[in-house]
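All heavy atoms count here, side chains included; hydrogens, waters and symmetry mates do not. Keep in mind the model is a prediction, meaning the values are calculated, not measured. Just so you know, ligand 1 is whichever comes first in the structure, and atom 1 is the first atom listed for that ligand.
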Amino acid sequence: MTTVLKGKDILHVKDLKLEHISLISETAARFETVMASGGILTNMTGKVLATLFFEPSTQTRLTFETAMLRMGGHVVSVTDVKTSNSAAKGERLYDTGKMIDGYAHVAVVRHMAEGSAKELADGAGVPVINGGDGSGQHPTQALMDLYTIQKERGRLNNLTVTLAGDLKNGRTVHSLSWLLGKYGPRFNFVSPKELRMPEDITKGLVADGIEVVETTNLAEAVAKSDVLYMTRIQRERFIDPVEYERLKGSYVVNLDLVKKSKHGITIMHPLPRVDEIAREVDEYEGAAYFRQAAYGVPIRMAVIALVTGLE
Ligand code: NCD
């Protein structure tokens with residue numbers, strides 16, 4: 001059972017079955033327990049993780065690197081696309097994948113082009129993890145989002161979940177809706193009309209028998225939700241800056257809105273936030289976004305350990 005993910009790439013949440021999700025969560029929980037009791041993990045000793053970030057990142061890169069270091073491994077990175085890597089020289093990701101085999105035992109890639117992680121994985125023999133490919137997928141974020149929901153709500157099934165913000169361009173909500181869809185949620189998708197969830201995702205969920213309500217009204221949706229998953233308007237994906245300026249302030253969650261929400265609502269955000277959650281909300285006990293960011297470490301430890309077979 002524990003070898004089911006060994007040697008596998010983690011590129012799209014559709015590759016993850018329920019048994020994989022449970023295994024990753026259980027492994028993350030085990031690592032969390034070891035760390036909480038002051039224990040030291042050594043399962044990645046002598047191994048190298050390559051982090052190839054062709055797009056900005058704080059949380060994702062830091063959690064992957066922290067995860068590897070906390071298991072006794074090493075990290076090599078590419079972070080600045082303009083100066084420190086050959087992407088600027090037009091190197092094909094396939095070839096980068098081939099090269100990585102000579103340096104590292106596992107790799108994480110983030111890139112502005114959808115499908116980029118797959119291209120790198122096609123070249124690489126070592127397991128490749130998609131750390132975000134354009135507006136496509138961000139599977140490990142969705143895994144830590146599920147882990148957070150389980151911790152905060154005590155269950156994954158029978159929940160009303162509102163995903164709000166830039167549902168068109170946000171890869172986190174694309175991954176999370178597929179993954180959470182396996183647990184039979186009731187979804188509210190809240191966005192400006194121009195930034196609606198891609199139709200293939202909405203239709204796919206409805207075809208699977210999941211209730212999906214699409215609306216522009218955030219207050220109405222959160223009044224009946226157990227979880228609000230807020231996202232920023234993805235400035236870098238806009239072709240027209242004027243359109244971004246027009247839509248950027250579409251939604252702001254403040255304490256007033258929290259008070260009108262369903263009692264005890266859990267508020268999540270993949271970070272970074274711009275202004276879509278007011279700072280005053282941080283004091284609300286259901287504001288889970290910084291706990292969510294911290295769960296990135298055990299979840300990514302589990303993913304790295306399982307794909308390398310060193311859990
Ligand atoms: C997200 C991303 O990069 O897709 N951030 C993250 O990984 N935590 C969300 C975002 O950039 O808005």
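For residues 205-216, the pairs satisfying side-chain hydrogen bond (donor to acceptor under 3.5 Å, both in side chains) are Arg196-Glu214, with sequence neighbours left out.
Closest of all the heavy-atom pairs between His138 and Asn130 is ND1-O, 4.3 Å. Leu306 and Thr27 make their closest contact through CD1-OG1, 3.8 Å (heavy atoms, listed as atom of the first residue, atom of the second, distance). Between Ser177 and Ile201, the shortest heavy-atom contact is OG-CG2, 3.5 Å.
At least one donor-acceptor pair under 3.5 Å links the side chain of Arg153 to the backbone N or O of Asp226.
At a heavy-atom cutoff of 4.0 Å, ligand 1 is surrounded by Gln59, Thr60, Arg110, His138, Gln141, Arg171, Thr172, Arg232, Gln234, Pro270, Leu271, Pro272.
Just one of Glu236, Glu55, Glu114 meets the salt bridge (Lys or Arg N to Asp or Glu O under 4.0 Å) condition when paired with Arg171; it is Glu55.
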